[in-house]
Amino acid sequence: MKQTILTIYRLLASIATLLLVIYFALDIFGIRSSALGNSVSNLLESFLSPIRGVVPSVFGIDFSPLVAILLLSVIDWLLRSLWSKDPIN
């Protein structure tokens, strides 16, 4: 059961990471108001808004997606450390 939860989390975290990278790239290039940018923004806004309250923008660049990726990685590491038989992978 734990392995199944870990596998599902890793799949969802991978999808979220991909979306966060796209969001960050669109923000860097200033095209976040495109159709793709609006779609990704709508999906991620509830996840990123609490992080934005803690991490300010620097020179107009929103670093909250990078912090979110870091948080997802830490959660993955914790779950693997606690539940996995082989925490290295």
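These numbers come from a predicted model, not from an experiment. Numbering of residues begins at 1 and proceeds along the displayed sequence.
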A.B. asks: Can you measure from CD1 (Ile61) to CD1 (Ile28) and round to the nearest 0.5 angstrom?
C.D. replies: 4.0 Å
A.B. asks: Going by side-chain contact (heavy atoms from CB on, under 4.5 Å), name the residues that satisfy it together with Ala16, two or more places apart in sequence or in a different chain.
C.D. replies: Leu72
A.B. asks: Check side-chain contact (heavy atoms from CB on, under 4.5 Å) between Ile22 and all other residues, then give those that pass, not counting sequence neighbours.
C.D. replies: Leu18, Leu26, Leu36, Val40
A.B. asks: Can you tell me how far apart CG (Leu66) and CZ (Phe24) are? Round to the nearest 0.5 Å.
C.D. replies: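 Going from the CG atom of Leu66 to the CZ atom of Phe24 covers 4.0 Å.
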A.B. asks: Measure the shortest side-chain to side-chain distance between Asp62 and Tyr23 over non-hydrogen atoms and say whether it is less than 4.5 angstrom.
C.D. replies: yes
A.B. asks: Could you tell me whether the side chain of Ile15 reaches within less than 4.5 Å of the side chain of Leu11, counting heavy atoms only?
C.D. replies: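 Yes - at least one pair of side-chain heavy atoms lies under 4.5 Å apart.
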A.B. asks: Among residues at least two apart in sequence or on other chains, which ones pass side-chain contact (heavy atoms from CB on, under 4.5 Å) with Leu78?
C.D. replies: Val74
A.B. asks: Calculate, to the nearest 0.5 Å, the distance between atoms CZ and CD1 belonging to Phe63 and Ile51 respectively.
C.D. replies: 14.0 Å
A.B. asks: I'd like to check Val67 versus Val54 (side-chain heavy atoms, cut-off strictly below 4.5 Å). Are they in contact?
C.D. replies: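 A side-chain contact is absent here, since even the closest heavy-atom pair is not under 4.5 Å.
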A.B. asks: Can you tell if the side chain of Pro65 reaches within under 4.5 Å of the side chain of Leu48, non-hydrogen atoms only?
C.D. replies: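 The answer is yes; the side chains approach within 4.5 Å.
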A.B. asks: Sorted by first residue and then second, give each salt bridge (Lys or Arg N to Asp or Glu O under 4.0 Å) pair with at least one member in residues 17-29; sequence neighbours left out.
C.D. replies: Asp27-Arg32
A.B. asks: Any sub-3.5 Å donor-acceptor pair from Ser57's side-chain atoms to Gly60's backbone N or O?
C.D. replies: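 Not confirmed, Ser57 side chain does not pair with Gly60 backbone.
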A.B. asks: Checking Ile8 now: which residues fulfil side-chain contact (heavy atoms from CB on, under 4.5 Å) with it, not counting sequence neighbours?
C.D. replies: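 For Ile8 the side-chain contact (heavy atoms from CB on, under 4.5 Å) partners, ignoring immediate neighbours, are Thr4, Leu12.
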A.B. asks: Which salt bridge (Lys or Arg N to Asp or Glu O under 4.0 Å) pairs, counting each pair once, include a residue from residues 35-47, with sequence neighbours left out?
C.D. replies: Glu45-Arg52
A.B. asks: How close do Ser46 and Ser49 get, heavy atom to heavy atom, and via which atoms?
C.D. replies: O-OG, 3.7 Å
A.B. asks: Is the shortest heavy-atom distance from the side chain of Leu6 to the side chain of Asp76 under 4.5 Å?
C.D. replies: yes
